[in-house]
Amino acid sequence: MFTIKQEYKWIIAGIVFAFLWASASTATKIALDSSQPLVIAQVRFAVAGIIMLIFAHLFLRQNLPAKKEWGQILIYGLLNITIYLGCYVIAMQEVTAGVGALAIATNPLFISFSSLFFLKKKLKTEVFVALLLGTAGVFIASWPLLKDASMTLSGLLLLLFSMISYSAGAIYFSAKKWNNLSIVTINGWQTMLGGLLLLPFTIFEYHSGKNHFDAKFWGGTLWLAVFVSIFAIQLWLWLLKRNAVKAGMWLFLCPGFGFAIAAIILHDVISVYTVVGVMLVMIGLFLSQREARQKDIV
């Protein structure tokens with residue numbers, strides 16, 4: 001019987017994770033051609049949440065969260081779903097897919113920096129320099145696009161704000177006790193509750209004439225729901241479980257994959273600014289990962 005060696009499983013899982021994670025911005029741009037951003041987010045959260053909850057409670061027979069855990073999941077969903085992904089999908093209207101993927105790759109840098117305040121960790125030079133390089137990389141890659149109006153400064157700032165909310169959510173998650181509640185259960189309920197918190201804004205902004213539920217909408221949205229929200233996250237958690245420090249190294253592939261996917265599918269332009277920006281983000285990731293330990297947030 002054919003079996004895959006453990007080291008090959010690690011490599012395959014890492015590459016597939018990086019590809020799927022980096023594909024989110026391109027899938028979002030495709031769906032945005034046919035729909036309003038919050039409608040895309042709402043359908044994404046509903047599909048992903050329902051699938052994960054059915055799997056968790058009907059197939060795995062996992063327990064429901066306890067009373068205290070419901071409150072924690074609600075706050076986590078607010079930070080990680082309602083604010084982060086809500087702002088992200090809105091920002092992607094005015095940001096290119098490549099820059100969106102590059103910004104997502106800087107999430108570990110924001111998490112490391114935010115932990116200084118929320119977890120009272122000591123400021124290390126590598127962390128500070130890493131954040132500066134990562135942020136500079138995103139702005140440098142964006143510079144020619146801002147000049148020719150391919151994207152806007154407000155969109156880029158909203159995107160960076162969403163990264164801050166994501167880092168706050170990650171730190172909140174790590175700081176709380178979950179009493180052996182499964183990751184699938186937590187992800188399923190935080191996705192559903194986060195989507196419900198976003199629903200009033202979606203209804204308020206909804207215009208039927210701006211939403212066409214065609215192949216682009218369903219293709220982009222279902223890709224985000226199934227391949228990004230479920231498969232990519234489960235692969236990431238599998239990688240973290242086996243080696244939390246080395247898992248972070250797969251994030252190095254995300255900027256390159258993101259721009260490559262955007263260039264091939266959406267014909268985004270790759271310039272010298274793009275290359276320099278990607279290199280700065282990768283250096284920032286390297287510096288932040290060099291200080292990583294298994295007890296730290298990755």
Side-chain angles (χ1 to χ4, degrees), residues 9-10 13-14 17 20-21 41 44-86 88 107-108 110-122 162-199 225-226 228-248 250-251 288-289 291-298:
K9 288 183 180 179
W10 172 264
F17 157 73
L20 292 178
W21 199 243
R44 172 188 180 178
F45 301 153
V47 172
I50 290 171
I51 291 175
M52 284 189 282
L53 291 177
I54 290 175
F55 183 73
H57 298 303
L58 294 185
F59 290 94
L60 298 181
R61 301 294 181 180
Q62 297 290 332
N63 294 326
L64 287 168
K67 183 177 180 180
K68 181 180 179 181
E69 292 162 352
W70 281 117
Q72 294 178 179
I73 290 174
L74 185 65
I75 295 173
Y76 184 43
L78 173 66
L79 294 170
N80 198 48
I81 299 295
T82 311
I83 299 177
Y84 164 52
L85 289 177
Y88 167 80
N107 274 333
F110 282 94
I111 292 172
S112 296
F113 191 74
S114 298
S115 67
L116 301 173
F117 304 99
F118 295 104
L119 301 182
K120 298 180 180 179
K121 293 191 175 185
K122 183 180 179 182
S162 74
M163 303 298 121
I164 295 173
S165 182
Y166 176 85
S167 65
I171 291 169
Y172 178 83
F173 177 83
S174 71
K176 296 298 179 180
K177 294 181 179 180
W178 298 94
N179 299 321
N180 297 319
L181 198 63
S182 75
I183 293 296
V184 178
T185 301
I186 295 171
N187 277 338
W189 282 112
Q190 67 114 3
T191 301
M192 287 296 292
L193 293 177
L196 287 174
L197 291 173
L198 190 64
L199 186 57
V226 177
V228 179
S229 291
I230 298 176
F231 287 164
I233 290 177
Q234 291 306 123
L235 283 172
W236 176 241
L237 295 173
W238 185 87
L239 292 167
L240 285 177
K241 185 176 180 181
R242 276 144 188 80
N243 192 311
V245 176
K246 289 184 178 180
W250 290 111
L251 295 168
S288 67
Q289 289 300 310
E291 288 297 316
R293 296 292 185 269
Q294 289 196 8
K295 63 180 180 180
D296 292 331
I297 300 171
V298 178

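Side chain of Ser165 to main chain of Ser162: no donor-acceptor pair is present (N/O by atom type, distance under 3.5 Å, no hydrogens or angles). Trp178 contributes no side-chain N or O that, together with a main-chain N or O of Pro65, makes up a donor-acceptor pair within less than 3.5 Å. In this structure, Glu69 contributes its side chain and Leu64 its backbone to no donor-acceptor pair below 3.5 Å. Between the Thr191 side chain and the Phe45 main chain, no donor and acceptor come within less than 3.5 Å of each other.
The aromatic rings of Phe17 and Trp236 sit parallel, their planes meeting at an angle under 30°, below the 60° perpendicular limit.
Closest heavy-atom contact between Gly195 and Ile81: N-CG2, 3.8 Å. The nearest pair of heavy atoms linking Lys177 to Gln72 is O-NE2, 3.2 Å. Looking at every heavy atom in both residues, Gly71 comes nearest to Tyr172 through O-OH, 4.5 Å. Between Met52 and Gly188, the closest heavy-atom pair is CB-CA, 3.8 Å. The minimum heavy-atom distance linking Ala56 with Thr185 is given by the pair CB-OG1, 3.7 Å. Closest non-hydrogen pair, Ala13 versus Leu239, comes out as CB-CD2, 4.1 Å.
Side chains of Trp10 and Trp238 form a contact here, defined as non-hydrogen atoms less than 4.5 Å apart. Inter-residue side-chain proximity for Phe173 and Ile186 is flagged as met; some heavy-atom pair is nearer than 4.5 Å. A 4.5 Å side-chain heavy-atom check between Arg44 and Leu85 finds at least one atom pair inside the cut-off. Residues Gln234 and Val184 have side chains in contact (heavy-atom distance under 4.5 Å, counting atoms from C-beta outward).
Separation of atoms CG (Leu198) and CG (Leu78) is listed at 10.0 Å; rounding is to 0.5 Å. A distance of 10.5 Å separates CG in Leu199 from OG1 in Thr82, rounded to the nearest 0.5 Å. Between the CZ atom of Arg61 and the OG atom of Ser182 there is a distance of 14.0 Å, given to the nearest 0.5 Å. In this structure, CG on Leu79 lies 12.0 Å from OH on Tyr166, to the nearest 0.5 angstrom. Going from atom CD1 of Ile73 over to atom CG of Asn80 covers 12.0 Å, rounded to the nearest 0.5 Å. Rounded to the nearest 0.5 Å, atoms CG (Leu235) and CH2 (Trp21) are 11.0 Å apart.
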**Message:** Could you go through Leu74 and Leu197, starting from their C-alpha distance and side-chain angles, then the distance that decides it, and tell me whether this counts as side-chain contact (heavy atoms from CB on, under 4.5 Å)?
**Reply:** CA-CA 9 Å; Leu74 185 65; Leu197 291 173; 3.9 Å; yes
